[in-house]
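Following: one structure in structure tokens, then a few remarks.
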2 protein chains.
Amino acid sequence: MTQVRTVDGRIAGRRGQATRARLLECLGELIASTSYRDVTVIDVARQAGTSPATFYQYFPDIQTAVVELANEVLREAAALKDLASEQNWTGRSGGAAAGALVDGFLDFWRQHDAILRVVDLAAAEGDRRFSRIRMKLFNSVVQALTEAITELQRSGKLDAEVHPAATAGALVTMLAASAAHTKAFDSWSVKEGELRSGLTRLVAWGVTGRKPS
Amino acid sequence: MTQVRTVDGRIAGRRGQATRARLLECLGELIASTSYRDVTVIDVARQAGTSPATFYQYFPDIQTAVVELANEVLREAAALKDLASEQNWTGRSGGAAAGALVDGFLDFWRQHDAILRVVDLAAAEGDRRFSRIRMKLFNSVVQALTEAITELQRSGKLDAEVHPAATAGALVTMLAASAAHTKAFDSWSVKEGELRSGLTRLVAWGVTGRKPS
DNA sequence: ACGTACTTGTGTCATACCGTCAGTTTATAT
DNA sequence: ATATAAACTGACGGTATGACACAAGTACGT
């Protein structure tokens with residue numbers, strides 16, 4: 001962890017770090033409760049009980065502060081990796097592994113939906129910083145799934161023509177987008193549990209190429 | 001089609017409709033070329049060679065104008081329906097149907113990515129108008145796939161425990177999100193063609209429960 | 001305890017955008 | 001040609017933005 005600095009290069013002390021953290025926290029709350037488009041520096045400062053100038057002491061603009069928030073989320077996402085790597089995807093335990101991955105993803109997304117939404121948008125708009133974060137966010141899981149698929153191919157249990165990374169990426173993308181739009185599933189009268197088991201089935205088959213038991 | 005009206009309730013004539021259309025067109029260009037957050041009424045007006053006041057004559061705010069744009073996209077999306085309904089999903093033609101659906105989806109998304117991005121965000125943030133549009137956008141395809149799955153179940157070719165709408169919704173969500181984030185696949189070194197065939201395989205199996213030929 | 005050096009927070013200002021109005025220009029009907 | 005309605009514009013008050021100088025607070029050595 002590099003040292004926390006103010007915009008003009010000074011090293012922030014204990015109090016400064018507390019203010020900075022409070023600003024980030026309030027920014028997170030605002031993003032969650034209002035439209036991303038409407039979040040302004042003044043709002044954040046007010047919410048944190050301070051002034052705009054104080055905000056600009058720690059962040060050059062809102063975007064940068066959001067990047068910071070996203071990086072925090074990224075750090076927490078490390079836990080997702082364990083759900084995908086070192087798992088046994090064949091047989092009965094394969095279904096369990098897929099189920100755990102799906103649950104983990106949905107829960108993680110629900111927990112951080114506001115920030116992840118913004119990351120998604122900014123990444124799609126081409127902002128490099130956010131693309132990087134989104135990529136890293138998925139990377140561990142995608143890589144774990146890719147390896148699992150490659151391994152199954154090596155042992156002859158799966159067609160060689162399946163492209164491991166494409167399949168893994170598509171599955172992870174599906175999980176993320178489904179988590180972000182659970183409301184849409186509501187409108188199709190799909191209940192939470194049905195969505196989870198549907199996703200689980202698709203993930204299990206996508207990885208193994210075989211009907212899950 | 002109801003008559004085009006100004007904000008203060010008057011019916012717009014030929015010239016007015018042209019200006020309105022030009023404003024919408026410029027809004028579309030701006031959303032495509034700059035960050036959604038930064039698109040302002042003044043920018044749109046300037047781009048269209050008119051004044052902000054003129055914009056407010058036809059739209060109460062930017063959101064409403066974006067809704068209008070999204071509705072245009074929705075109208076064009078009718079073509080997607082044909083790619084999913086009345087298809088034969090079994091056997092060799094099933095793979096072709098899935099491939100056509102994937103291609104259609106990716107192309108459609110690429111063509112309208114900027115607006116669809118905004119629709120996605122606003123829908124995720126809970127804006128009813130955009131949720132509705134997004135839902136309708138997917139609805140025809142989701143329903144077609146749901147029916148296909150249900151039909152396969154009725155004829156005993158697919159496990160009864162598969163939830164048709166959940167599966168169809170997840171697949172369509174996967175297609176949309178994959179299309180919106182093709183750059184992410186770049187970073188995983190997945191080429192366009194590999195993505196298409198990977199998605200095709202997942203869609204074909206998701207619908208039929210059988211390995212595509 | 002006190003003064004000094006440094007960090008943190010505030011008040012203020014120029015600028016830019018928003019949304020509205022009164023009023024001018026352009027089209028249409030008689 | 002004239003009346004009437006539609007379309008557009010310039011300008012304005014109000015407000016958020018972002019930058020800066022300076023005041024208030026804090027830690028630390030003596």
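Residue numbers start from 1 in every chain, and the chains themselves are labelled A, B, ... in the order their sequence lines are given, proteins ahead of strands.
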With a 3.5 Å cut-off and sequence neighbours excluded, list the donor-acceptor pairs that the side chains of residues 110-118 of chain B form with protein atoms.
residue  : atom : partner  : partner atom : Å
B:Arg110 : NH2  : B:Glu192 : OE1          : 3.4
B:His112 : NE2  : B:Glu76  : OE1          : 3.3
B:Arg117 : NH1  : A:Ala124 : O            : 3.1

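- OP1 or OP2 of C:dA16 has not a single side-chain nitrogen or oxygen of B:Thr40 nearer than 4.0 Å.
- The closest donor-acceptor contact from the side chain of B:Glu147 to the backbone of B:Ser85 lies at 3.5 Å or more, if one exists at all.
- Residue order along DNA chain D, read from the 5' end via each residue's closest nucleotide, puts B:Gly49 first among B:Gly49 and A:Ile62.
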Protein-nucleotides 21-25 of chain C N/O pairs under 3.5 Å:
none

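- Remark: side-chain polar atoms of B:Thr182 are not paired, donor with acceptor, to backbone N or O of B:Ser178 under 3.5 angstrom.
- If you check every strand for non-hydrogen atoms under 4.0 Å, B:Thr54 touches a base.
- By the 4.0 Å N-to-carboxylate-O rule, A:Arg20 lies close enough to A:Glu68 to be salt-bridged with it.
- Nearest-nucleotide mapping onto DNA chain C: of B:Val41 and A:Thr50, the residue sitting toward the 5' end is A:Thr50.
- Residues B:Ala170 and A:Phe185 come closest through the heavy atom pair N-CE2, 3.5 Å.
- Taking both residues in full, the closest heavy atoms of A:Val203 and A:Leu101 are given as CG1-CD2, 4.3 Å, listed atom of the first, atom of the second, then distance.
- Look at CD on B:Gln57: it is 7 Å from P on D:dA7, rounded to the nearest Å.
- Separating the CG atom of A:Leu23 from the P atom of C:dG9 is a distance of 9 Å, rounded to the nearest angstrom.
- Going from atom CZ of B:Phe55 over to atom C1' of C:dC17 covers 14 Å, rounded to whole Å.
- Going from atom CG of B:Asp43 over to atom P of C:dG19 covers 13 Å, rounded to whole Å.
- The separation between A:Ile42 atom CD1 and C:dC17 atom C1' is 13 Å, rounded to whole Å.
- Per the geometry, CD belonging to B:Gln17 stands 13 Å off C1' belonging to D:dA6, to the nearest Å.
- For C:dT8, neither phosphate oxygen OP1 nor OP2 lies less than 4.0 angstrom from any side-chain nitrogen or oxygen of A:Thr19.
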Show the distances under 3.5 angstrom between N or O atoms of the protein and N or O atoms of nucleotides 28-30 of chain C.
residue : atom : partner : partner atom : Å
C:dT28  : OP1  : B:Arg14 : NH2          : 3.1

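- As rounded to whole Å, 15 Å separates atom C1' of D:dT17 from atom CD of A:Gln63.
- B:Thr54 places no side-chain N or O within donor-acceptor distance of the main-chain N or O of B:Thr50, the cut-off being under 3.5 Å.
- Closest of all the heavy-atom pairs between B:Phe105 and B:Leu80 is N-CD2, 4.1 Å.
- Remark: P of D:dG18 and CZ of A:Arg46 are 14 Å apart, rounded to the nearest angstrom.
- Here the side chain of B:Arg134 pairs no donor or acceptor atom with the backbone of B:Asp120 at under 3.5 angstrom.
- A 6.0 Å sphere centred on CZ of A:Arg196 holds more than 12 heavy atoms belonging to other residues, nucleotides or ligands.
- Distances shorter than 4.0 Å separate none of the side-chain N or O atoms of A:Tyr56 from OP1 or OP2 on D:dT17.
- Here D:dT9 is the nucleotide among C:dT8, D:dT17, D:dT9 with the atom lying nearest to any side-chain atom of B:Ser51.
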